[in-house]
Amino acid sequence: MNIVNILEEIEKVDGEIYERLSPRRAAMKDFFNVGKKISLAALPLALGSMFQKAYGQTNPANVNEVLNFALTLEYLEYHFYNHALTNSTISFPTTASNAAITTIRNHELAHVNLLKGALGAAAVTPFVDADFDFTGAATFGTAFADVFSNYQTFLKVATAFEDTGVRAYKGQAPVLKGMPVLTTALQIHSVEARHASHLRQMTAASLGVALKPWISYSANGNDTGISQVNAVYAGEQNTMIAGIEITGINGTAVTQTHAAECFDEFLTGSAVKTIANIFIKTRKLS
Amino acid sequence: MENLNEKEQDVMLKESSILDAKLERRSFLQFAGAGAAIVALTAAGCRKDRPIVTSGVTLDFKDDFGVLNYAYALEQLEAAFYIQVASAPPSAFTTVQKNYFQDVQFHEIAHREFFKKALGTAAIGSLSVDFSSIDFTSATSVLAAAQAFEDLGVAAYNGAGVRLKDTGYLVIAGQIVSVEARHAAWVRDQISNGTFADLASLSALGADNANGLDGQLTPDKVLAIAGKYVKTKINVINL
């Protein structure tokens, strides 16, 4: 294992890696000091820590901020599905499709209530339907203008929301490390992943495309072919985990496609906020 | 004795060409009557692979290595199951089902190998599995087992995340568990469309339907459930 090579590889996709590392000299110093003591076998473990420090979370910064951030995303999802079910001209093709969206809507409402209850007085002022523009017109123009009249457009946006949600929770796990609330967040996280899996199947069936339940390899990370949502999938093409290349790992037949599929990637809080703000009219996240 | 000398001569000859002929080296070992274990080592590329453990493995939860080895054990189990399915899928499987079971097989192999490589010399040995309760010719049996493995895997990662002290590995566990949840949802939909997140059916795994929460179980509970598929004795300490 050659750390210089790893840093060079990262530099190809993140030109600021050295800058990211240098303001945190302490992190690097810690790492190299630790490096003297640890065995080669433990190196990936230490590397993981170093990169986490370099890409450290700053926003949200604490537990309540994380929970309010999550609560806001859950409001967005809940109102989106609820609008589709109660105030739209979407024609659901089957009873099953309507039932699936109802199941997902109910879970999002349960998440809203759970997070709201956990935060108590610290919870953000509730978001209502009118706080959102689910067509994202200011950014996307008319691309999703028919989100509440065209079942296929609705599925495209829904899939993007769920895949964003999965990445968002994953990105916040470090702030909750070691706390009981982490377990709750993980329990929500995997439910969002189940939703994403099903919505991808619904999208594949309705649009007649080969979208898999898991996020497959694409050069820019976005396997949906919907360019408006590129930011949702940025980085999903990654096949290097903690400095270990997954493609062909240990002489196996694991392809680049499998390698990209088998590890979902996280999104930083700020990246998720940028995506969410496309759909939030006022009270944008900062 | 004469015969043995011949063999030794042959060994000398073949040794000299080891560097340019990998295949020859393998046949040389077989010719020389080397034990199966050594042949297996060679096939794996002469790495210092641990031999198959028969006397049991120990998961020591005093630090992250214990948690990672726990995940490694579960991924070994999952990979072994999907390898068997993918190599001879039930005849009732559709083309898409065959293809996706291939995908899942490679996902689990990748997870298994990632932990093996990341843990290095701290990795536990290979587990022996017992899939005698599964009928691999029956789509119903295979799908039911796949659902059990995936739902259990999700609950296992969800329950173990809080034990991880290293931020990097916490994120990686998160990167894996959402893929397991995608598998779980897809497999469930194959059994009964729309059950992708039937949390009420997952209460035995710690799910809370009223609050929209997926399963989460502590390692001892997970291992008790997984036990029927594992021959190797798994000892747990410092949990």
Side-chain angles (χ1 to χ4, degrees), chain A residues 39-42 44-45 47-49 51-52 96 99-100 103-104 106-108 110-111 113-114 166 169-170 173-174 177-180 182-184 186-191 193-198 201 212-214 241-242 244 246 249-255 258-259 261-266, chain B residues 44-45 47 64-65 68 100 103 106-111 113-114 116-122 154 157-159 161-162 164-172 174-186 188-189 193-194 196-199 206-216:
Chain A
S39 69
L40 195 64
L45 191 70
L47 270 179
S49 307
F51 290 133
Q52 194 53 43
T103 296
I104 294 172
N106 292 351
H107 287 160
E108 310 302 4
H111 296 162
N113 290 333
L114 180 67
V166 175
Y169 275 96
K170 213 186 312 292
K177 186 172 68 174
M179 304 175 193
L182 170 71
T183 304
T184 308
L186 287 172
Q187 289 176 274
I188 297 177
H189 168 249
S190 59
V191 170
R194 288 174 186 267
H195 294 170
S197 175
H198 189 77
Q201 294 175 67
K212 294 180 179 180
W214 28 90
I241 305 296
I244 294 173
I246 303 301
I249 183 170
N250 290 344
T252 60
V254 173
T255 63
H258 301 135
E261 289 170 353
C262 68
F263 288 85
D264 279 342
E265 303 296 320
F266 72 90
Chain B
R47 283 187 211 90
D64 282 3
F65 288 114
L68 299 178
Y100 282 0
D103 274 6
F106 281 112
H107 299 164
E108 307 301 1
I109 288 174
H111 293 164
E113 294 302 314
F114 168 77
K116 184 177 184 180
K117 195 159 188 170
L119 282 158
T121 55
V154 170
Y157 277 99
N158 282 351
V162 73
L164 285 168
K165 297 177 182 77
D166 180 275
T167 304
Y169 270 102
L170 172 58
V171 173
I172 289 169
Q175 292 185 256
I176 293 175
V177 68
S178 56
V179 174
E180 306 291 358
R182 290 173 189 275
H183 294 165
W186 177 73
R188 285 178 150 268
D189 282 336
N193 185 36
F196 55 97
D198 182 4
L199 303 177
D208 173 357
N209 185 47
N211 285 313
L213 300 178
D214 209 328
Q216 66 89 13

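Numbers restart at 1 for each chain; the letters A, B, ... are given by sequence-line order, proteins then strands.
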Measure the [atom1]-[atom2] distance between [X] and [Y] for me, rounded to the nearest 0.5 Å.
X: B/I176; Y: A/C262; atom1: CD1; atom2: SG; answer: 8.0 Å
X: A/S197; Y: A/K212; atom1: OG; atom2: NZ; answer: 12.5 Å
X: A/L182; Y: B/N158; atom1: CG; atom2: CG; answer: 9.0 Å

Review point. Do you see a donor-acceptor pair shorter than 3.5 Å between the side chains of B/H111 and B/E108?
Key: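 Note: B/H111 and B/E108 side chains meet the donor-acceptor criterion.
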
Review point. Looking just at side-chain N and O atoms, do A/Q201 and B/D189 make a donor-acceptor pair shorter than 3.5 Å?
Key: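 Yes, a side-chain donor-acceptor pair sits under 3.5 Å.
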
Report the option among [options] that has the most heavy-atom pairs separated by less than 4.5 Å from atoms of chain B.
options: A/H195, A/K170, A/H198; value: A/H198
options: A/E108, A/K177, A/M179; value: A/K177
options: A/V191, A/I188, A/T184; value: A/V191
options: A/A99, A/A259, A/A96, A/G178; value: A/G178

Exercise for review: Check the angle between the aromatic planes of B/F114 and B/Y169 and answer parallel, tilted or perpendicular using the 30° and 60° thresholds.
Suggested key: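 Aromatic pair B/F114/B/Y169 classed tilted.
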
Check your understanding: Side chain, backbone, both or neither: which part of A/T103 has an atom under 4.5 Å from a heavy atom of chain B?
Key ->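 Side chain of A/T103 only, per the 4.5 Å heavy-atom cut-off to chain B.
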
Review point. At a heavy-atom separation under 4.5 Å, does A/T252 approach chain B through its side chain, its backbone, both, or neither?
Key: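 For A/T252, side-chain heavy atoms alone lie under 4.5 Å from chain B.
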
Review point. Side chain, backbone, both or neither: which part of B/N193 has a heavy atom under 4.5 Å from chain A?
Key: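 For B/N193, side-chain heavy atoms alone lie under 4.5 Å from chain A.
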
Check your understanding: For B/Y100, is it the side chain, the backbone, both, or neither that has a heavy atom closer than 4.5 Å to a heavy atom of chain A?
Key ->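 B/Y100 touches chain A through backbone and side-chain heavy atoms alike.
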
Point to revise | Residue selection (most heavy-atom pairs with chain A, distance under 4.5 Å) from B/S178, B/A185, B/G206 | key: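 The residue among B/S178, B/A185, B/G206 with the greatest pair count is B/S178.
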
Practice item. Decide if the gap between the ring center of A/Y169 and the ring center of A/H189 is smaller than 6.0 angstrom. Key: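 Between A/H189 and A/Y169, which both carry aromatic rings, the centre distance is not below 6.0 Å.
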
